[in-house]
Number of protein chains: 2
Amino acid sequence: MVQRPQKTPRKIASQKRSRVTVDALVEATARILVKDGYDRASTNRIAAVAGVSIGTLYQYFPSKEALVEAVIERHTQELSQVGQTALLKVAASPIEIALRELVRAAIDAHRVDPKLHRVLAEQVPRTGRLEDIEAVERNALPLFRAYLEAHRSEVDVADLDLAAFILVTTVEALTHSAVITRPDVLADEKADAFVEEVTQLMLRYLGRDRGAKRGTARSK
Amino acid sequence: MVQRPQKTPRKIASQKRSRVTVDALVEATARILVKDGYDRASTNRIAAVAGVSIGTLYQYFPSKEALVEAVIERHTQELSQVGQTALLKVAASPIEIALRELVRAAIDAHRVDPKLHRVLAEQVPRTGRLEDIEAVERNALPLFRAYLEAHRSEVDVADLDLAAFILVTTVEALTHSAVITRPDVLADEKADAFVEEVTQLMLRYLGRDRGAKRGTARSK
DNA sequence: GCAATATATGAGCGATCGCTCAGCAAAAAT
DNA sequence: ATTTTTGCTGAGCGATCGCTCATATATTGC
């Protein structure tokens with residue numbers, strides 16, 4: 001259990017057969033993480049579920065951490081993809097339109113694989129190379145900042161960096177919390193209200209939509 | 001390593017001597033968590049640092065999880081204390097004053113023991129009884145909701161529950177992120193600007209301070 | 001076909017872990 | 001003073017873990 005494993009894999013998958021093996025290992029890791037949690041996700045078990053021997057596992061992943069990192073990498077890519085696609089789509093739209101779409105996208109992203117997302121967020125110790133899962137935010141922040149910059153005239157804030165940080169952090173936290181611990185606020189009829197509230201939170205902060213009539217078309 | 005330990009301690013500290021022991025164990029656990037991380041925080045090591053035998057440890061804590069839970073409990077209490085005190089202090093103040101104070105309090109709370117806070121947030125697997133560290137939020141939410149309710153006339157939102165959830169989650173996420181991953185935004189000169197931005201985010205959302213002059217007295 | 005290379009196997013090592021238990025020591029009750 | 005209760009000790013058990021390595025099997029290049 002002492003951690004003095006390699007830092008790099010001994011081999012890199014080159015033939016098709018081995019690429020299949022690598023995929024199976026990553027997929028098995030994800031499945032076990034979801035089903036049994038991080039602590040019970042032993043490398044022996046992962047190899048067994050992937051249908052390969054433990055030795056094979058260590059051909060391509062130098063440590064358990066590397067395996068989990070691959071899962072995080074894959075998951076993060078999927079999330080970021082949703083976000084980037086959404087940002088591209090609304091790049092030319094005014095903030096009133098764009099922010100609403102981005103909030104929707106953030107929720108969609110968290111729904112890609114919520115169970116895995118939860119495990120990664122709650123159980124995987126962030127250590128070494130996976131210091132923070134919030135790599136998604138790191139990806140999203142500069143992109144969103146660029147959007148704000150392009151729409152500078154619609155936006156009334158002193159510090160764009162700070163504003164981008166605040167908004168990205170806020171949206172991530174709210175969608176995360178909603179998906180993970182408050183599924184009720186995302187139930188069918190209520191989901192729109194939630195999107196609307198978060199959108200308003202952002203719009204008003206940016207100095208738009210001030211004094212808009214409120215309390216209409218929102219229930220409870 | 002199989003997890004079939006007791007669920008309750010065999011003994012409960014009754015004499016002063018043993019209460020000292022219990023304190024030492026909790027304190028040692030916190031110190032080791034900070035210094036070595038969760039994985040290396042073994043019960044044997046904890047007992048050694050606390051200066052008691054491993055057997056004694058298991059007199060008062062049925063499992064490693066119970067020990068960590070005690071640390072979380074203690075830490076959570078301290079945080080909640082800061083929040084509750086602040087809320088009491090501003091209970092009668094208008095939201096323009098109160099929210100700013102609450103933001104400050106949230107930052108202060110996260111500064112109580114940031115290193116421990118970080119370890120608890122990032123490394124401790126949330127499993128079993130410690131499903132979510134965000135118990136702080138669970139404590140804060142009803143209190144803050146009550147404050148909003150008492151100031152209903154100053155607030156223009158349709159759904160108080162939803163608004164309270166959004167604001168509490170947002171403030172927690174922003175102060176957490178700032179303290180943990182962006183200490184730069186809390187540097188001396190900039191801290192006030194950060195407080196101000198977060199306060200404005202909340203105030204504007206609640207329908208106050210619309211159309212206020214911005215871009216003054218804030219730098220960069 | 002045959003060597004060379006790439007891939008896969010799995011028994012098992014060394015380390016560590018969480019935890020138990022039989023016995024001893026101090027404190028409280030009698 | 002003696003018994004009873006409470007607190008403390010630590011060697012070591014059983015389990016599991018991450019991981020290595022000697023060996024075997026596919027695949028590729030010639």
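Quick note on labels: first sequence line is chain A, next is B, and so on, each numbered from 1.
Here D:dT27 presents its C1' atom at 13 Å from CZ of A:Arg19, a figure rounded to the nearest Å. Here D:dC8 presents its P atom at 14 Å from NZ of B:Lys16, a figure rounded to the nearest Å. Atom CZ in A:Phe61 sits about 19 Å away from atom P in D:dC17, given to the nearest Å. In this structure, A:Gln15 places its CD atom 8 Å from C1' of C:dT5, rounding to the nearest Å. At whole-Å resolution of the value, CG in A:Leu57 and C1' in D:dC19 are 10 Å apart. Going from atom CG of A:Asp39 over to atom C1' of D:dG18 covers 14 Å, rounded to whole Å. The CD1 atom of B:Ile54 sits 14 Å away from the C1' atom of D:dC13 (whole-angstrom rounding). Here D:dG7 presents its C1' atom at 13 Å from CG of B:Leu25, a figure rounded to the nearest Å.
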- Item | Stepwise salt bridge (charged side-chain N to carboxylate O under 4.0 Å, His left out) check, A:Glu196 with A:Lys190 | CA-CA 10 Å; A:Glu196 186 59 27; A:Lys190 288 174 144 190; over 6 Å; no
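For B:Gln59, taking side-chain heavy atoms from C-beta onward, the closest of the listed nucleotides C:dA8, D:dA11, D:dC8 is D:dC8. With distances taken from any side-chain atom of B:Thr56 to the nucleotides D:dT28, D:dC19, D:dT9, the minimum falls on D:dT9. Across C:dA8, D:dC19, C:dG18, the shortest atom-to-atom separation from the side chain of A:Ser18 is found for C:dA8. Listed candidates were D:dA26, C:dA26, C:dT20. Nearest to the side chain of B:Arg17 is C:dA26. If you check C:dG18, D:dG10, D:dT6 against the side chain of B:Ser53, the one that comes closest is D:dG10.
Checked against A:Asn139 for a side chain to side chain contact (heavy atoms under 4.5 Å, CB included), the options A:Leu79, A:Thr76, A:Val168 give a single hit: A:Thr76.
Across all strands, B:Ser42 comes closer than 4.0 Å only to sugar-phosphate atoms, never to a base (heavy-atom distances).
Taking the ring pair (Phe, Tyr, Trp, His ring centres under 6.0 Å) definition, one finds that A:His75 meets it with A:His117, sequence neighbours left out.
Along DNA chain C, the nucleotide closest to A:Thr21 and the one closest to B:Lys64 are compared, and the more 5′ of them pairs with A:Thr21.
Between A:Glu69 and A:Lys64 there is no salt bridge, since no side-chain N of the basic residue sits under 4.0 Å from a carboxylate O of the acidic one.
Contact between A:Thr43 and A:Leu57 at its shortest, heavy atoms only, is O-CD1, 3.5 Å.
Considering only side-chain N and O atoms, A:Tyr58 lies nowhere under 4.0 angstrom from the phosphate OP1 or OP2 of D:dT20. In terms of phosphate contacts, B:Tyr60 brings a side-chain nitrogen or oxygen within less than 4.0 Å of OP1 or OP2 of D:dC8.
Contacts between residues 44-52 of chain A and DNA chain C, defined by a heavy-atom separation under 4.0 Å, are made by A:Val52.
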Just list the side-chain donor-acceptor pairs under 3.5 Å for residues 102-113 of chain B, sequence neighbours left out, or say none.
unit_1: B:His110; atom_1: ND1; unit_2: B:Ala106; atom_2: O; d: 2.9
unit_1: B:His110; atom_1: ND1; unit_2: B:Thr175; atom_2: OG1; d: 3.3
unit_1: B:His110; atom_1: NE2; unit_2: B:Glu172; atom_2: OE1; d: 3.1
unit_1: B:Asp113; atom_1: OD1; unit_2: B:Leu116; atom_2: N; d: 3.4

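Side-chain contact between A:Tyr205 and A:Thr170: absent, with no pair of heavy atoms (C-beta onward) separated by less than 4.5 Å.
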